[in-house]
Amino acid sequence: MKKANFCYAVLTASAVLTLGTVFSASAAQWQALGDEWVYVQNDGEYFKDGWKQDGNLYYYLGSDGIMLRRTLIEDDDNYYYLGSSGAMATNVWKFIQNPEWQGDELVGEGSWYYFGSNGKAIKSDGSKAKVYEVGDKKYVFDHYGRMMSGWVTESGEYVESEDDWANGLYYADGEGDGSVVTNAWVYTTVPDDTNEDETEPTYHFYFGSNGKKTVSTKKSIGGKEYFFDERGVAQYGWHKGDDGDWDWSYYGDSEEPYLRTGWFQAVPDSEMHSSAHDDGSVYWYYSTSAGKTAVSEFRTIDGKTYAFNEYGELVTGLKKVKVDSSDKKKIESISSIDYISDIENVEENVYVCYFGGDGAAKTGTQTLTIDGSSYTFDFKSSGSPKGAGTNGINDNYIYVNGRRLAAEEDSKYGIVEYDGKRYLVNESGAIQKNKKNVKDADGYYYCTGKHGIVVHEHLEEKCTEKEHKEE
């Protein structure tokens with residue numbers, strides 16, 4: 001009978017987990033006091049203020065000897081949770097109302113805690129954030145072991161003010177499962193008085209495998225290069241490098257802030273071309289695989305030749321291009337041709353080139369309109385620079401700076417000068433070779449030699465000489 005009474009009143013701690021099973025004889029010193037449990041020592045006194053193990057489970061007895069349940073406790077600067085059975089929680093998440101002894105603004109609110117295999121809540125040491133992996137995700141915890149969300153500083157503090165977002169090193173998704181963002185982008189709106197366009201811009205941030213925000217570096221992500229400032233903002237727009245005044249790279253717009261390579265369109269930076277920037281003018285640019293924008297140069301791209309002015313803008317139309325005497329791919333200046341007189345008396349190292357609507361230098365014969373009149377040009381398909389206006393006689397036509405010399409309209413024939421010689425040409429510009437007594441629209445006669453050089457000109461009567469020798 002005595003033994004039976006003992007089993008009825010004294011239960012094992014493992015029974016407390018299910019709140020119904022009886023204690024085993026191996027833990028006979030556990031004793032029920034109504035709805036509570038105590039541990040009676042050999043001297044008959046209650047065990048107090050400490051842990052007792054029963055099997056694989058641990059229980060905590062308070063200052064009055066009563067086993068604690070459903071509460072968060074602190075012991076030796078660590079935090080533990082005792083469940084409804086009184087057993088110490090291990091390897092588990094718990095959503096707990098923050099107790100008053102924590103003494104901060106989160107008291108009374110609920111927070112998530114994670115208790116490891118030793119029962120200790122995962123927490124920071126108070127000097128830096130504690131990032132801990134549970135499953136395949138990372139979480140950040142404060143010095144009380146509370147899971148944190150939103151922006152968290154390196155020291156493990158919440159970013160108190162929205163204006164201090166730049167101090168955040170980690171970003172935990174409070175609207176999702178609370179895990180720290182890793183190997184992923186966060187696109188979020190923040191206040192920024194330094195932004196000239198808007199006071200609450202939306203920025204891109206990237207967080208690495210350790211959960212830390214990427215700052216003050218260039219980084220390749222998904223095959224694209226990004227540039228992050230000291231705040232972690234992925235930069236967009238134009239950025240000037242350290243290699244001279246025209247070391248510019250373009251990182252797109254705020255929605256797609258990655259380094260542009262190859263062809264792209266953009267409004268120039270105010271420091272590059274102030275008037276075009278103010279007008280919002282959009283130009284084509286070309287950057288190398290390293291992101292360096294082509295400036296003041298000829299560049300061959302996919303077999304075609306293009307020119308870029310001193311602002312890096314793609315050149316189109318009929319232009320005079322002055323090149324470096326030692327490197328004809330380098331451009332010193334570019335000027336427009338508005339009148340046919342603009343291509344006369346062209347100085348050394350200046351070439352007339354025609355760039356189509358796509359910017360590619362045209363080669364071969366082209367018919368162009370200048371100041372309302374139509375002219376025929378020819379541009380070289382070889383040499384440097386490719387597309388330069390032809391000079392000399394080509395295919396029975398005479399070209400000077402690319403322009404074909406021809407008789408005036410409705411004159412039938414006319415005399416043009418080239419290389420100190422006078423040639424007879426028709427209205428299309430064809431050289432008239434070995435001609436005798438050809439008559440222009442005014443009724444005057446001309447005779448030429450075998451190269452088309454004029455022998456007799458402006459004759460009112462036909463020439464009667466049998467042979468015409470050029471001088």
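Since the structure is predicted, the reported quantities are computational estimates derived from the model, not experimental observations. Numbers for residues simply follow the sequence, beginning at 1.
- Listed by chain and number, the residues in a side-chain contact (heavy atoms from CB on, under 4.5 Å) with E255 are Y187, D253 (sequence neighbours excluded).
- Counting only distance, with no hydrogens or angles, the side chain of T182 and the backbone of G211 share no donor-acceptor pair below 3.5 Å.
- Close placement of the H239 and Y251 rings is indicated, their centers lying within 6.0 Å of each other.
- Aromatic rings of F205 and W151 (six-membered ring for Trp) have centroids within the 6.0 Å cut-off, being under it.
- Of the possible donor and acceptor atoms, none in the side chain of D192 sits under 3.5 Å from a partner among the backbone N and O of E200.
- A salt bridge is absent between K436 and E465: the closest approach of a Lys/Arg side-chain nitrogen to an acidic carboxylate oxygen does not fall below 4.0 angstrom.
- Using a 3.5 Å distance cut-off with no hydrogens or angles, the side chains of N426 and S428 do pair a donor with an acceptor.
- Contacts of D278 classified as side-chain contact (heavy atoms from CB on, under 4.5 Å), with partners at least two apart in sequence or in another chain: none.
- Between the Q235 side chain and the V233 main chain, a donor and an acceptor come within less than 3.5 Å of each other.
- Between the side chains of S117 and T90, no donor N or O sits under 3.5 Å from an acceptor N or O.
- Between the side chains of S336 and D338, no donor-acceptor pair is found at a separation under 3.5 Å.
- Under 4.0 Å is where a charged nitrogen must lie from a carboxylate oxygen, and between K130 and D125 no such pair does.
- Residues passing the ring-ring contact (aromatic ring centres under 6.0 Å, His included) test with Y81: none are found, sequence neighbours excluded.
- With sequence neighbours excluded, no residue forms a ring-ring contact (aromatic ring centres under 6.0 Å, His included) with Y236.
- In this structure the side chain of D75 reaches within 4.5 angstrom of the side chain of Y80, judged on heavy atoms.
- If you look at W165 and Y171, their ring centroids are not closer than 6.0 Å.
- Evaluation of the ring-ring contact (aromatic ring centres under 6.0 Å, His included) test over residues 366-402, restricted to residues two or more places apart or in two chains, returns F377-F379.
- The ring-ring contact (aromatic ring centres under 6.0 Å, His included) check on Y113 picks up nothing, with sequence neighbours excluded.
- By the 4.0 Å N-to-carboxylate-O rule, D104 lies close enough to R146 to be salt-bridged with it.
- Listed by chain and residue number, nothing satisfies the ring-ring contact (aromatic ring centres under 6.0 Å, His included) test with Y351 (two or more places apart in sequence, or in another chain).
- Centroid-to-centroid, the aromatic rings of W248 and F308 stay 6.0 Å apart or farther.
- By the 4.5 Å heavy-atom criterion applied to side chains, Y423 and I415 are not counted as neighbours.
- Less than 6.0 angstrom separates the ring centroid of Y285 from the ring centroid of F264.
- Residues E133 and K138 are paired through a salt bridge, judged by an N-O separation under 4.0 Å between the basic side chain and the carboxylate.
- Checked against side-chain contact (heavy atoms from CB on, under 4.5 Å), Y444 has the following partners two or more places apart in sequence or in another chain: D440, D442, Y446, H458, E460.
- Within the structure, side chain to side chain donor-acceptor pair (under 3.5 Å) pairs that include any residue of residues 410-420 comprise E417-R422 (at least two apart or interchain).
- Residue pairs meeting the side chain to side chain donor-acceptor pair (under 3.5 Å) criterion with at least one member in residues 259-271, sequence neighbours excluded: K240-E271.
- If you check the side chains of S111 and N98, you find a donor sitting under 3.5 Å from an acceptor.
- Here D327 does not pair with K329 in a salt bridge; the nearest charged N to carboxylate O distance is not below 4.0 Å.
- Under the ring-ring contact (aromatic ring centres under 6.0 Å, His included) criterion, no residue pair touches residues 324-347, with sequence neighbours excluded.
- For N210, the side-chain contact (heavy atoms from CB on, under 4.5 Å) partners are K212, not counting sequence neighbours.
- The aromatic rings of Y258 and Y226 sit perpendicular to each other, their planes meeting at more than 60°, with 30° as the lower class boundary.
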